[in-house]
Amino acid sequence: MTPLIDRTVAAVRSAISGAISAAGWSLDEGSIVVETPRDPSHGDLATTAALVLAKEVGKNPREIAETLQARIGESPPAADVAPLSSMEIAGPGFLNFRFAGSWLEGGLVETLEQGGEYGQNDRLAGRSILFEFISANPTGPLNVVSARAAAIGDTLAALWQAAGARAGREYYINDAGRQVRLLGESLEARVLQLQGEEAVVPEQGYHGDYLVEMAEQFLSGEVPAWWGGSDREKRTEELSRWATDQVVAVQKEIVEIFGLHFDTWFRESSLHESGAVEETLEDLRSRGHIYESEGAVWFRSSDFGDEKDRVLVTGDGRPTYLLPDVAYHRDKYARGWETLIDLWGPDHHGYIARMSAALEALGHDREAFDVMIVQQVNLLRGGEIVKMSKRAGRLIEMEELLEEVGRDATRFFFLMRGTSTHLDFDLDLAVSANEENPVYYVQYAHARISSVLEHARSEGLDPDAELAGADLTRLIEAEERGLMRLLVDYPGLVADAAETFEPHRIPAHLRQLSAAFHHFYHNHRVVGSEPAVQAARLALCAGVRQVLANGLALLGVEAPDRM
RNA sequence: GCGCCUGUAGCUCAGAUGGAUAGAGCAGUGGGUUUCUAACCCACCGGCCGCAGGUUCGAGUCCUGCCAGGCGCGCCA
């Protein structure tokens, strides 16, 4: 469904467009800005059209605004979606629009009617988009950057779904590279050590304690026959596979604890087994983007904007990381996804150009693939940065973070910030000071409203019946109109957040809505006010509660009735 | 050297396709509801939007250069 705010803006824009033509001027509809003024006293919507037209027309913007105002007055926007009550010219030449009360009230009615679906919209209907995120190497526990990516990827997918798109969540398991072998060798050393033999973890291997635990686990179960066999090579290979499966299983567990569900866990090894890697190479070759030099197979990525060409198959015949990764993305398209979005860590940004190049070389639009870099996270404890290093074995894991901070606060905290900002996560603050964390502020507003509705019930009122018969024109206070406006804006905001890949707009809006509610609550009684007003206010409360719940659901955060 | 990200209040960050007096939380100071949850509300304090140019009627936002911090630049993954 098209959100009320979108329908309203469209109607106003088209009225402005008509007025411009009627006046004998021209401005393409796309550059007619219709926006919500920051200051509510400037009206419900405003346009800068007169300011933009000033130069071309060669007149004072205020004069132009006057003409537009007159023309719009002659043929106003559709009254059902934009019931204009007044227009005024302000400042250097803004034209401000004000709507009749029925407009805001309509928004509240939509909220209550649509309930849990309010916010869903059709802005991105027909699009199909696959989000791939976390995709950590299956060699160790998930770290905090993974947690950040998890929160962002999950919510982005939810936002796109809410905006009408088909959106998927996918996790890529790099279970075929050299790092898997190293993991096996590292674990092998740990197991041997436990058995009292001399063994060293390879220098390039994984030194974390988790492998000691895994070694204990390996020995505590039924030890497979291949472990005692004479085939050393087989032993390492089997153990590598066993270890990878273990790590992936643990990663799956953590992700589930985080409340995140992937549609697909995709194994790199499946690409090698199915021949997709070879096929991809042949595909590129047949398109003329491959050459051989110094014994290696190269991809002419510099033809597609990369700074230099890249090796796909090394001199000794092994594919580099790039080739299976290209095969993987090729496979995503083959499975019917139109747009691919990857969330990568900051250390991979140098890799973007070659991947885009490869996908373009395979005939896909440049716009059909994009990478969001999820910037690093500094964990602070006692004001000091806690270092994370997979290799060194001292690491802050996603699991630890969830235990310490909790799922709701972790998700909210990560989603509050822009994705591309480096961020400091103060553990002491997040853990100790409840009131410091804005997630409680929003949850508290939700709980408070629940409590109000509960109180109404205890007073013998039936909120549902009250809502149905409520006369919303009784909502006349500034706080009430402000809340209603935030409800009206919500669906458009969901669409914007999806379209711009900026999930942090949702928490920002929820905080604003919560603040507006707390303010309202402080100044006005709900239960116990004049019956007609009481009914209307109960409806408003229910609407605000609904939007808070819907917004928190997009973030994967609980909306408690009691705190 | 090249590339990416960041630079806004003491701290952590918003600032919506460039718009009207640059916002919030925390910290600090001082207040508030005998009534539906004080995890709340209100006021005050606090700004050369890193620096310098440019585009524009208008720039925190766009362009150029510089400064500072972070990260990345393998026939590694």
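Sequence lines set the chain letters: A, B, ... in the order given, protein chains first and strands last, and positions in each chain run from 1. Because the structure is a prediction, the values reported are computed rather than measured. All values below come from the heavy atoms of this structure, side chains included, with hydrogens, waters and symmetry mates left out.
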With a non-hydrogen cut-off below 4.0 angstrom, is [X] in contact with a base, only sugar-phosphate, or nothing?
| X | result |
| --- | --- |
| A:V33 | base |
| A:D347 | sugar-phosphate |
| A:R562 | base |
| A:E294 | base |
| A:S450 | nothing |
| A:A445 | nothing |
| A:H522 | base |
| A:G418 | sugar-phosphate |
| A:G177 | sugar-phosphate |

B:G28 pairs with, by Watson-Crick or G-U criteria that keep both distances under 3.5 Å: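 The answer is B:C44, by the H-bond criterion.
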State which residue, out of A:L322, A:V326, A:L323, fulfils the side chain to side chain contact (heavy atoms under 4.5 Å, CB included) condition with A:R310.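 The residue from A:L322, A:V326, A:L323 that satisfies side chain to side chain contact (heavy atoms under 4.5 Å, CB included) with A:R310 turns out to be A:L322.
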Given A:I20, which partner from the list A:L68, A:D28, A:V57 fulfils the side chain to side chain contact (heavy atoms under 4.5 Å, CB included) test?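 Option passing the side chain to side chain contact (heavy atoms under 4.5 Å, CB included) with A:I20: A:L68.
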Is_stacked (A:F94, B:A20) at 5.5 Å, 30 deg: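 It does: the ring sits over the base of B:A20.
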Please report, rounded to the nearest Å, how far the [atom2] atom of [N] is from the [atom1] atom of [X].
| X | N | atom1 | atom2 | value |
| --- | --- | --- | --- | --- |
| A:Y351 | B:C75 | OH | C1' | 13 Å |
| A:L312 | B:A77 | CG | C1' | 15 Å |
| A:L95 | B:A20 | CG | P | 16 Å |
| A:H509 | B:G15 | NE2 | P | 14 Å |
| A:D306 | B:G74 | CG | P | 11 Å |

In terms of side-chain heavy atoms of [X], which of [options] is nearest?
| X | options | result |
| --- | --- | --- |
| A:R417 | B:C13, B:C36, B:C57 | B:C13 |
| A:H504 | B:A77, B:G15, B:C13 | B:G15 |
| A:A508 | B:G19, B:A14, B:C76 | B:A14 |
| A:R505 | B:A16, B:C41, B:U21 | B:A16 |
| A:R38 | B:G60, B:A77, B:U17 | B:G60 |
| A:H42 | B:A14, B:A77, B:A20 | B:A20 |
| A:R511 | B:C75, B:A24, B:A77 | B:A24 |
| A:Q375 | B:G19, B:U12, B:C5 | B:C5 |
| A:R448 | B:C40, B:G74, B:A77 | B:C40 |
| A:R525 | B:C42, B:U35, B:U12 | B:U35 |

Write down the distance separating the [atom1] atoms in [N] and [M], rounded off to the nearest Å.
| N | M | atom1 | value |
| --- | --- | --- | --- |
| B:G3 | B:A43 | P | 48 Å |
| B:G30 | B:C13 | C1' | 26 Å |
| B:U64 | B:U55 | C1' | 11 Å |
| B:U6 | B:U12 | C1' | 14 Å |
| B:C42 | B:U56 | C1' | 41 Å |
| B:C51 | B:C11 | P | 15 Å |
| B:G60 | B:G15 | P | 16 Å |
| B:G69 | B:A16 | P | 28 Å |

For a quick check, tell me whether the side chain of [X] and the base of [N] share a donor-acceptor pair closer than 3.5 Å.
| X | N | answer |
| --- | --- | --- |
| A:H422 | B:C5 | yes |
| A:H349 | B:G3 | yes |
| A:N96 | B:A20 | yes |

Looking at [N], I'd like to know if its phosphate oxygens (OP1 or OP2) sit under 4.0 Å from a side-chain N or O belonging to [X].
| X | N | value |
| --- | --- | --- |
| A:H519 | B:C42 | yes |
| A:R310 | B:G74 | no |
| A:Y444 | B:C41 | no |
| A:T320 | B:G74 | no |

Using a 6.0 Å cut-off, check whether atom CZ of A:R241 has over 12 heavy atoms from anything other than its own residue.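 Incorrect, the count does not exceed 12.
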Is any side-chain N of the basic residue among [X] and [Y] closer than 4.0 Å to the acidic one's carboxylate O?
| X | Y | answer |
| --- | --- | --- |
| A:D44 | A:R481 | no |
| A:R474 | A:E530 | yes |
| A:E237 | A:R181 | no |

5′-ward residue of the pair A:I373/A:V526 relative to RNA chain B: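 Of the two residues, A:I373 wins.
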Position toward the 5' end of RNA chain B (nearest nucleotide), A:D561 or A:P37: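 Nearest-nucleotide comparison on RNA chain B picks A:P37.
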Taking the six-membered ring of A:F413, is the NZ or CZ of A:R411 close enough (under 6.0 Å from the centre) and on axis enough (within 45°)?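 No, A:R411 and A:F413 do not form such a contact.
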Just by distance, do the side chain of A:T67 and the backbone of A:E63 share a donor-acceptor pair under 3.5 Å?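 At least one qualifying donor-acceptor pair exists.
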